[in-house]
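Quantities reported herein were computed from a predicted structural model and do not represent experimental measurements.
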Amino acid sequence: QNSLGESDLHEINRTVTSLSPIISKVVILLDPLASQNSQTIQVEPIPEVKIITDEVLLLDLLKFLIGKAIVYTRRHEVMVEVTVDKSARRVVIGIDNLGQDIPQSVIHFIRRANPKENYDLTNPVVAQNKEISFMLHILNRIDGKITFTTSPTLGEIALINLPLASEAD
């Protein structure tokens, strides 16, 4: 077992699923951590969309990132917002207030990565950071991507990009 759960042992099982129950479950699981850190998790209304993902892996990924936001943010609220890009057939989960725990070297590595390829887990920047390596490993397994952006009011924002299910799925 690692800090991201059973992700490295988990046999991949991608299915068409609704995003809302996964995010709700993460909020319930992390509520004690949020209370302990005097934080609240604010989830914006989630559009009713179907995604193609492995629920166990996505749950581990969201627990990891939202958990980091709870522990490292300088404010009293972690924001989670979901947007849909129908033309690109992707869903984006934004996690505001990530704090400063993701090293700049990792953020630069991710920004330079080819968006059409899996993340290179052998890169020294990734290999030396076990949590980041597991995060990128999960993203590779669920056809996800992550980007980081900065907001003047909120600090670091993680944007997780996942495949949207088609009507035929």
Side-chain angles (χ1 to χ4, degrees), residues 1-30 33-34 41 43 46 49-73 78-85 88-99 101-149 156-165 169:
Q1 166 118 6
N2 57 65
S3 63
L4 293 181
E6 302 293 338
S7 304
D8 54 339
L9 306 173
H10 177 73
E11 178 113 5
I12 189 125
N13 181 27
R14 273 195 228 163
T15 58
V16 174
T17 188
S18 179
L19 185 56
S20 187
I22 296 171
I23 292 176
S24 296
K25 187 172 183 179
V26 170
V27 170
I28 290 167
L29 290 169
L30 290 177
L33 179 66
I41 305 169
V43 180
I46 300 170
V49 293
K50 300 281 187 194
I51 57 171
I52 302 169
T53 195
D54 181 298
E55 290 185 43
V56 171
L57 295 177
L58 181 58
L59 186 77
D60 278 350
L61 177 67
L62 293 175
K63 278 189 338 196
F64 170 70
L65 285 168
I66 295 171
K68 284 250 183 243
I70 289 168
V71 172
Y72 291 100
T73 186
V78 173
M79 298 281 297
V80 178
E81 186 174 13
V82 176
T83 55
V84 180
D85 182 346
R89 309 266 340 119
R90 305 292 282 186
V91 172
V92 178
I93 305 167
I95 302 167
D96 282 348
N97 265 341
L98 205 57
D101 190 52
I102 305 292
Q104 283 301 312
S105 58
V106 170
I107 291 171
H108 292 307
F109 165 79
I110 289 170
R111 284 187 179 139
R112 287 191 306 267
N114 182 338
K116 296 191 181 349
E117 294 177 6
N118 278 346
Y119 293 109
D120 177 7
L121 303 179
T122 63
N123 184 293
V125 168
V126 175
Q128 68 190 355
N129 189 322
K130 190 174 180 182
E131 288 184 327
I132 298 301
S133 179
F134 279 124
M135 176 184 76
L136 296 179
H137 174 69
I138 289 174
L139 285 162
N140 283 348
R141 294 183 78 194
I142 63 174
D143 189 26
K145 292 294 173 190
I146 190 166
T147 54
F148 295 94
T149 186
E156 287 293 328
I157 300 169
L159 300 169
I160 303 164
N161 189 309
L162 299 168
L164 185 63
D169 295 325

Less than 4.5 Å apart, side chain to side chain, heavy atoms only: is that true for [X] and [Y]?
{"X": "D120", "Y": "V126", "answer": "no"}
{"X": "I110", "Y": "V106", "answer": "yes"}
{"X": "T83", "Y": "L159", "answer": "no"}
{"X": "I95", "Y": "I160", "answer": "yes"}
{"X": "L61", "Y": "M135", "answer": "yes"}

Gap between atom [atom2] of [Y] and atom [atom1] of [X] - 0.5 Å precision:
{"X": "D60", "Y": "E55", "atom1": "CG", "atom2": "CD", "answer": "12.0 Å"}
{"X": "I46", "Y": "E81", "atom1": "CD1", "atom2": "CD", "answer": "10.5 Å"}
{"X": "T17", "Y": "I51", "atom1": "OG1", "atom2": "CD1", "answer": "6.5 Å"}
{"X": "I41", "Y": "L29", "atom1": "CD1", "atom2": "CG", "answer": "9.5 Å"}
{"X": "Y119", "Y": "H137", "atom1": "OH", "atom2": "NE2", "answer": "14.5 Å"}
{"X": "I23", "Y": "I28", "atom1": "CD1", "atom2": "CD1", "answer": "12.5 Å"}

Item to check | Donor-acceptor pair, side chain of R90 and main chain of L164, under 3.5 angstrom | outcome: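 Not a single qualifying donor-acceptor pair exists.
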Checklist entry - Do D54 side-chain atoms and I142 backbone N/O form a donor-acceptor pair below 3.5 Å? => result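 Checking the backbone N and O of I142 against the side chain of D54, no donor-acceptor pair under 3.5 Å is found.
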Next on the checklist: Using a strict threshold of under 4.0 Å (side-chain N to carboxylate O), is an ion pair present between E131 and K68?
Outcome noted: yes
Next on the checklist: Determine whether I146 and L65 satisfy the following criterion, side chain to side chain contact (heavy atoms under 4.5 Å, CB included), listing intermediate values before the conclusion.
Outcome noted: CA-CA 11 Å; I146 190 166; L65 285 168; 3.8 Å; yes
Item to check | Evaluation steps, side chain to side chain contact (heavy atoms under 4.5 Å, CB included), between R14 and D143 | outcome: CA-CA 10 Å; R14 273 195 228 163; D143 189 26; 3.9 Å; yes
Checklist entry - Checking side chain to side chain contact (heavy atoms under 4.5 Å, CB included) for the pair L62/L30: CA distance, chi angles, key distance, verdict? => result CA-CA 10 Å; L62 293 175; L30 290 177; over 6 Å; no
Checklist entry - Where do L136 and F109 land on the side chain to side chain contact (heavy atoms under 4.5 Å, CB included) test, with the steps shown first? => result CA-CA 11 Å; L136 296 179; F109 165 79; 3.8 Å; yes
